[in-house]
Amino acid sequence: MSAYAFVNYVRFKDQSDTYIGGGYQNFFINEERSYGGATYSYAPFALSSGSGSRGGERSSASLVAGTNRITVSLFAEAVQTKLMLEVKTVSLDPLTFADEALVASELWRVASYEMDTTRVILKLTSPLDAVKALVPRRTLSTALAGALPTSGGLVVS
């Protein structure tokens, strides 16, 4: 039988790529951890990796935490100021709980939040959802991507 352990490190960023506030991790109870040069305090949260569409991309996720003044205020501010959420999922050595390998590094746009008496759910969407939030404010250009197609047609020769 195999054992696996994972930790999620999360930090909020503004649209200018500046980190806002401290970081949080959800594995080491009542401990601060350092990862990638940043310090992460413990916070009891769960992260759903979301669902994908037929195209294979994952377009939504959720961060769930208990309902209290701190999480409600933090999530409301994140929505109002249109923050991004950086998530790093790291595998841990199951014997020592030392960081082993980066499994995934994701960047999500904070879209909305909802709450009930026991939990607050921060809804996350793709940062490339330019229709709703114009985040990030970038367009494809030949300088960024090289030659771009000028039509939707495909010719195979």
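Numbers here simply count residues along the sequence, with the first being 1.
No single ILVMFWY cluster, assembled from side-chain heavy atoms under 4.5 Å apart, contains both Ile121 and Val79. A single hydrophobic cluster is not seen to contain both Leu74 and Tyr42; linkage of ILVMFWY side chains at heavy-atom distances under 4.5 Å, directly or through other members, places them apart. Hydrophobic clustering (side-chain heavy atoms under 4.5 Å, transitive across Ile, Leu, Val, Met, Phe, Trp, Tyr) keeps Val90 apart from Phe45. If you chain together hydrophobic residues whose side chains sit under 4.5 Å apart, Leu47 and Val103 never meet in one group. By the rule that hydrophobic residues join a cluster once side-chain heavy atoms approach within less than 4.5 Å of another member, Tyr19 and Tyr35 end up as members of separate clusters.
Contact check for Phe28 versus Phe97: side-chain heavy atoms found under the 4.5 Å cut-off. Side-chain atoms of Arg33 and Asp99, non-hydrogen and from C-beta on, do get closer than 4.5 Å to each other. Using a 4.5 Å heavy-atom threshold, the side chains of Val72 and Met115 count as touching. Annotation: side chain of Val64 is not in contact with side chain of Val120 (no heavy-atom distance under 4.5 Å). With a 4.5 Å cut-off on side-chain heavy atoms, Leu83 and Asp14 count as touching. Considering only heavy atoms from C-beta on, Phe27 comes within 4.5 Å of Leu92 through its side chain.
Side-chain atoms of Asp93 never come within 3.5 Å of backbone atoms of Ala98 as a donor-acceptor pair (strictly under, hydrogens ignored). With hydrogens and angles ignored, the 3.5 Å screen pairs no side-chain donor or acceptor of Thr89 with any backbone N or O of Leu102.
Defined by atom type and a distance below 3.5 Å, a donor-acceptor pair is present between the side-chain atoms of Ser105 and Lys88. A side-chain N or O of Arg109 and one of Thr125 form a donor-acceptor pair less than 3.5 Å apart.
Expressed to the nearest 0.5 Å, how far OH of Tyr4 lies from OG of Ser91 amounts to 10.5 Å. Leu107 contributes atom CG, which lies 4.0 Å from atom CE of Met84 (distance to the nearest 0.5 angstrom). If you take OG on Ser62 and CH2 on Trp108, they are separated by 9.0 Å, rounding to the nearest 0.5 Å. Expressed to the nearest 0.5 Å, how far CZ of Arg119 lies from OG1 of Thr71 amounts to 12.5 Å.
The number of heavy-atom neighbours closer than 6.0 Å to CD1 of Ile70, taken from other residues, nucleotides and ligands shown, is 12 or below.
Taking the six-membered ring for Trp and the full ring otherwise, Tyr40 and Tyr9 have centroids separated by under 6.0 Å.
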